[in-house]
Number of protein chains: 2
Amino acid sequence: MLSGVPSTTRARSGADPVTAAAPTARRAGLERVDVVDAALGIVEAEGADALSMRRLASELGVTTTTIYWHVGNREQLVVAVVERMAERLGAAPIRGRRAQQRVHSAAVNIWRSAIGHRNVTALASSIGATTLLELPLEVALLAELERAGVRGTRARDALASVLACVAGFLITAWRPPEDRPEGLRPSQIWSAVEDARVSRSTVRAVAGGTDLDRLAERTLLAVVADYVPADGADEER
Amino acid sequence: MLSGVPSTTRARSGADPVTAAAPTARRAGLERVDVVDAALGIVEAEGADALSMRRLASELGVTTTTIYWHVGNREQLVVAVVERMAERLGAAPIRGRRAQQRVHSAAVNIWRSAIGHRNVTALASSIGATTLLELPLEVALLAELERAGVRGTRARDALASVLACVAGFLITAWRPPEDRPEGLRPSQIWSAVEDARVSRSTVRAVAGGTDLDRLAERTLLAVVADYVPADGADEER
DNA sequence: ACCTGAACACCGTTCAAGT
DNA sequence: ACCTGAACACCGTTCAAGT
């Protein structure tokens, strides 16, 4: 038999036409991009925690060390996965005419992108690389801030505030109350609260939970309004 | 020799005075509270990730299975650690006279408590149990919201917004740019950005980083102001 | 250049057994 | 009631070796 070498492009260098001996460590035909794609697939399908070097290796029918040869180590793999996702994430359109509307729209774009790809965002967040993922969206936000007359350190602060809010709403969205362990669900904790200073109806409302998407967008508007006023057209100030 | 049993209170039940044979699995004198305290110590000293069942066991000079006997499993241990910390965290005083000031003060108290004990907060967050840690501070915030005339679902939303912001600023504070891997530091990423829509000075400012504490308190004020107006004394509305 | 096998130092968890 | 020892099924990572 002529060995089961996969049909990738052969004849890389000046290879002599020796008939190959029975290979024990034979070529798998893997390339770095295949490894990264497989990793991205695992993360999107099963979450950031499901990505392990061994799991990835077995998925590709290869040894763990092969993964290391291609990508270095886990962190470098994660960076590559995040960069790969970033390529796909084009800049979303910004809506509105007035300055505040447009800045808010750019902020909401970051939020929607983050929940839209929450698994990869969680992965990026685990190594502190969310900026790598959403850089074009962050630049777009800065651009709208500039148009609204907010620049320099004020623009930097506005961006940081928006990103913090997005991150905050994300982590509450990652762990929905349903799959929290018994006794840790907010509904249970709050239903046991009795305090003379707080009315029953408020406590009941808190125990009930809220619509995260709506609240995130509202909160982002409040944050944005702190940097660019509602009356709008004060470009160049 | 009379065995090296620790000097805890003996004579639990009606024990017959038999001289103990050479003990292979002898009593360690451990109690659940000792396990939880040791775990809290590890977390405070070395962070949430440093807490492992094996590490904890060896710290206590005991087998891993002993830890399981006392606390159940890792998650239950974490809950116990968080509850233990919660006991220590008394309610912080609220400052200001006007309603918005007081609500903001209550929100800032949550933020300060969280960064003040960031390791335990990170541990609580890892199982979605931050409410368990800061419940009294959250109740205090609700109380101030009620005093300001914000109740029911509006109070619930205000609380959720504040908690999201606190969580967001926390996770950016957890992983300071300094100990991020080469090439992932915002300063490096941003210094490579060139975009016609954004001025150089703004990009430079973003690359520079900001004062998180100041910004967190400012952002919390913006969020609070969205629910309780600045003019203040509209109690009961 | 590309890949395997064995090994090291970790994890959380369970189970039977000892006193 | 309290604790040990062995085991199972996982991790990330490295190193020497094979073709």
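What you see below is based on every heavy atom in this structure, not just the backbone, and it leaves out hydrogens, waters and symmetry mates. Since we're looking at a predicted model, the values are computed, not measured. So that the names make sense, note that chain A is the first sequence line, chain B the second, and so on, each numbered from 1.
Put simply, CG on A:Leu170 and OG1 on A:Thr130 are 9.5 Å apart, with the number rounded to the nearest 0.5 Å. Expressed to the nearest 0.5 Å, how far CG of B:Leu220 lies from OG of A:Ser161 amounts to 9.5 Å. Here CG of B:Leu132 is found 6.0 Å from CG of A:Leu184. Values are rounded to the nearest 0.5 Å. Here the CG-CG distance, from A:Leu137 to A:Asn109, works out to 6.5 Å after rounding to the nearest 0.5 Å.
For D:dT4, the OP1/OP2 oxygens have a side-chain nitrogen or oxygen of B:Thr66 closer than 4.0 Å. The side chain of B:Thr63 contributes an N or O atom lying less than 4.0 Å from OP1 or OP2 of D:dT4. Side-chain N/O atoms of A:His70 include one lying less than 4.0 angstrom from OP1 or OP2 on C:dC3.
Under the 3.5 Å distance criterion, the side-chain polar atoms of A:Arg197 are left unmatched by any main-chain donor or acceptor of B:Leu142.
Of the two residues contacting DNA chain C, namely A:Gly61 and B:Glu75, the nearest-nucleotide position lying further toward the 5' end is that of A:Gly61. Both B:Thr65 and B:Ala50 sit near DNA chain C, but only B:Ala50 has its closest nucleotide nearer the 5' end.
Using a 4.0 Å heavy-atom distance criterion, A:Ser52 is classed as a sugar-phosphate-only contact. Residue A:Arg54 is in base contact, counting any heavy-atom pair closer than 4.0 Å across all strands shown.
Paired runs in DNA chain C that reach 3 or more consecutive Watson-Crick or G-U pairs, where each pair keeps both distances under 3.5 Å, cover C:4-8 with D:12-16, C:12-16 with D:4-8.
As a whole-Å value, the separation of B:Arg74 CZ from C:dT13 P is 8 Å. Between the C1' atom of D:dT14 and the CD1 atom of A:Ile67 lies a distance of 16 Å, rounded to the nearest Å. For A:Asn73 and D:dC11, the CG to C1' distance is 14 Å, given to the nearest whole Å. A:Leu30 places its CG atom 20 Å from the P atom of D:dT19, with the value rounded to the nearest Å. Computed from coordinates, the A:Leu56 CG to D:dT13 P distance equals 13 Å when rounded to whole Å. The CE-P distance, from A:Met53 to D:dC10, rounds to 17 Å in whole Å. One atom, CH2 of B:Trp69, and another, P of C:dT19, lie 18 Å apart when rounded to the nearest Å. D:dC2 atom P lies 13 Å from atom CZ of B:Arg32, rounded to whole Å.
Side-chain atoms of B:Val206 and A:Glu138, non-hydrogen and from C-beta on, never get closer than 4.5 Å to each other. Between A:Leu60 and A:Ile67, the closest side-chain pair of non-hydrogen atoms falls below 4.5 Å. The side-chain heavy atoms of A:Val33 and A:Arg84, taken from C-beta on, include a pair separated by under 4.5 Å.
Each of D:dC11, D:dC3, C:dT13 was ranked by its minimum atom distance to the side chain of A:Arg55; first place goes to D:dC11. Counting only heavy atoms from C-beta on, B:Tyr68 has its side chain closest to C:dG12 among D:dC11, C:dG12, D:dC3.
Remark: the separation of the P atoms in C:dA9 and D:dC10 is 22 Å, to the nearest Å.
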